[in-house]
Amino acid sequence: MNYLNEVTISGLLHHLSRKKEHKYFPFSVRHENLWTDGTIRKDFLSARAFPAEVQETLGTLEENTPIRVKGVLRSSKGSGELYLAVLEVEALKEAGTLENTVEVSGTVHIIKAQAEGETGTGKYTRFAVRQENQEQDGHMRRDFLVVRVYDAGLREILAEKNDGDPVRVLGTLRSSKGSGVNYIRCANIE
């Protein structure tokens with residue numbers, strides 16, 4: 001089954017050290033925006049570039065270069081942490097207006113451990129959008145894309161859903177201030 005999985009983010013390139021050889025180029029996108037309390041929030045959004053041409057482009061760019069990336073969200077097979085699998089990268093002349101859009105679909109996966117939490121911006125409910133896709137080599141890849149739902153009305157919509165129900169989420173990619181782990185901040189759920 002084909003699920004919707006589209007992400008566009010712009011920000012500043014942040015190089016990560018390459019301690020071991022990977023099949024991908026690891027980096028993060030530093031995304032800064034005005035937060036609800038008037039402060040500037042800095043998200044470091046984990047990204048991996050697998051295509052050789054994207055790796056080549058990233059290797060030529062300096063730290064803090066304004067970039068726009070497009071790709072899909074994946075969960076790491078080892079840790080389960082969310083990262084952006086980058087398919088396209090574009091160097092920008094200036095940072096300009098920042099973009100951060102995520103649109104994913106799949107099925108609801110209810111998270112039992114720490115399903116609820118609270119941050120400085122309020123209470124949230126956590127769940128995952130489960131996607132199963134067939135890889136090019138034929139095996140099935142299962143991703144669990146973690147979502148935080150802060151809005152009370154959206155939490156009510158989520159409460160009506162059962163494990164395995166179809167779901168479509170619109171939102172932004174964020175990183176937790178405490179752990180730095182990436183998650184989707186839900187703006188709409190269907």
Side-chain angles (χ1 to χ4, degrees), residues 1-33 42-61 63-92 98-109 111 126-148 166-176 179-187 189:
M1 180 169 203
N2 289 331
Y3 295 107
L4 186 59
N5 190 330
E6 297 176 359
V7 181
T8 302
I9 295 175
S10 63
L12 302 176
L13 173 63
H14 177 69
H15 288 288
L16 299 175
S17 64
R18 296 179 81 175
K19 295 177 183 171
K20 60 181 181 177
E21 282 303 310
H22 294 288
K23 293 186 279 183
Y24 58 86
F25 186 101
F27 68 102
S28 66
V29 178
R30 191 173 91 205
H31 185 86
E32 297 181 4
N33 59 334
K42 295 179 186 175
D43 286 297
F44 287 87
L45 308 171
S46 301
R48 299 176 181 178
F50 290 92
E53 62 275 5
V54 176
Q55 289 187 38
E56 218 174 281
T57 300
L58 286 165
T60 65
L61 299 176
E63 182 83 5
N64 293 319
T65 299
I67 58 172
R68 176 184 299 118
V69 294
K70 293 183 179 185
V72 296
L73 290 177
R74 296 284 184 237
S75 57
S76 174
K77 289 182 182 178
S79 66
E81 290 185 8
L82 202 61
Y83 68 89
L84 174 59
V86 176
L87 303 173
E88 299 175 27
V89 64
E90 174 188 3
L92 304 173
L98 294 178
E99 297 174 80
N100 187 335
T101 59
V102 174
E103 188 172 2
V104 294
S105 67
T107 58
V108 172
H109 175 76
I111 297 174
R126 243 173 31 119
F127 79 102
V129 174
R130 179 181 172 167
Q131 294 188 335
E132 284 191 35
N133 294 298
Q134 190 166 6
E135 295 283 58
Q136 290 178 354
D137 64 4
H139 82 277
M140 290 302 288
R141 178 184 175 99
R142 194 173 290 142
D143 287 298
F144 294 90
L145 311 175
V146 177
V147 180
R148 288 185 186 179
V167 67
R168 180 172 168 256
V169 173
L170 302 172
T172 57
L173 188 59
R174 297 288 184 213
S175 63
S176 172
S179 64
V181 172
N182 289 345
Y183 63 91
I184 301 167
R185 185 178 173 111
C186 182
I189 187 170

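Given the structure is predicted, the values throughout are model-derived calculations rather than measurements. Quick note: residue numbers are just sequence positions, from 1.
At a threshold of 4.5 Å between non-hydrogen side-chain atoms, the residues Leu58 and Val89 count as touching. Side-chain contact between Leu173 and Thr101 is absent, with no heavy atoms from C-beta onward closer than 4.5 Å. No side-chain heavy atom of Val29 sits under 4.5 Å from any side-chain heavy atom of Leu12. Looking only at side-chain heavy atoms (C-beta outward), Phe25 and His15 come within less than 4.5 Å of each other. Inter-residue side-chain proximity for Tyr183 and Thr172 is flagged as unmet; no heavy-atom pair is nearer than 4.5 Å. Residues Ser46 and Leu82 have side chains not in contact (no heavy-atom distance under 4.5 Å, counting atoms from C-beta outward). By the 4.5 Å heavy-atom criterion applied to side chains, Ile184 and Leu145 are counted as neighbours. Looking at Val7 and Ile9, their side chains come closer than 4.5 Å, going by heavy atoms from C-beta outward.
Under the rule for a side-chain hydrogen bond (donor to acceptor under 3.5 Å, both in side chains), the partners of Asp143 that lie at least two apart in sequence or sit in another chain are Arg74, Ser75, Arg141. Qualifying salt bridge (Lys or Arg N to Asp or Glu O under 4.0 Å) partners for Arg148, counting only residues two or more places apart in sequence or in other chains: none. In this structure Glu56 satisfies the side-chain hydrogen bond (donor to acceptor under 3.5 Å, both in side chains) test with no other residue, sequence neighbours excluded. For His31, the ring pair (Phe, Tyr, Trp, His ring centres under 6.0 Å) criterion is met by no residue, not counting sequence neighbours. Residues satisfying the ring pair (Phe, Tyr, Trp, His ring centres under 6.0 Å) criterion with Phe144, sequence neighbours excluded, are His109. Legend: residues meeting ring pair (Phe, Tyr, Trp, His ring centres under 6.0 Å) with Tyr83, ordered by chain and number and at least two apart, are absent. Shown here are the salt bridge (Lys or Arg N to Asp or Glu O under 4.0 Å) partners of Arg126, two or more places apart in sequence or in another chain: there are none. Legend: residues meeting side chain to side chain contact (heavy atoms under 4.5 Å, CB included) with Ala91, ordered by chain and number and at least two apart, are Leu61, Thr65. Taking Glu90 as the reference, Arg68 meet the salt bridge (Lys or Arg N to Asp or Glu O under 4.0 Å) condition, with sequence neighbours excluded. Under the salt bridge (Lys or Arg N to Asp or Glu O under 4.0 Å) criterion, Arg142 pairs with Glu132, not counting sequence neighbours.
Using modelled atom types, no side-chain atom of Glu99 and backbone atom of Ser10 make a donor-acceptor pair closer than 3.5 Å. With Ser105 contributing its side chain and Leu4 its backbone, the two residues share a donor-acceptor pair below 3.5 Å. Side-chain N or O atoms of Asn182 include none that pairs as donor or acceptor with a backbone N or O of Leu45 at under 3.5 Å.
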Please evaluate residues Asn5 and Gln131 with respect to the criterion side-chain contact (heavy atoms from CB on, under 4.5 Å), reporting the C-alpha separation (whole Å), side-chain torsions for both, the decisive distance (0.1 Å), and the verdict. CA-CA 9 Å; Asn5 190 330; Gln131 294 188 335; 3.0 Å; yes
Given the rule in the side-chain contact (heavy atoms from CB on, under 4.5 Å) test, do Val147 and Val129 qualify, once you have shown the distances and angles that lead to the verdict? CA-CA 7 Å; Val147 180; Val129 174; 3.9 Å; yes
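Atom OG1 of Thr8 sits about 10.0 Å away from atom CD of Glu103, to the nearest 0.5 Å. Taking CZ from Phe127 and SG from Cys186, the interatomic distance works out to 6.0 Å, rounded to the nearest 0.5 Å. With rounding to the nearest 0.5 angstrom, the CG atom of Asn133 is 10.5 Å from the NE2 atom of His139. Between the CZ atom of Phe27 and the NE2 atom of His14 there is a distance of 11.5 Å, given to the nearest 0.5 Å.
Residue pairs meeting the salt bridge (Lys or Arg N to Asp or Glu O under 4.0 Å) criterion with at least one member in residues 42-53, sequence neighbours excluded, are Arg41-Asp43, Asp43-Arg174. Screening residues 5-16 for salt bridge (Lys or Arg N to Asp or Glu O under 4.0 Å), with sequence neighbours left out, gives no hits.
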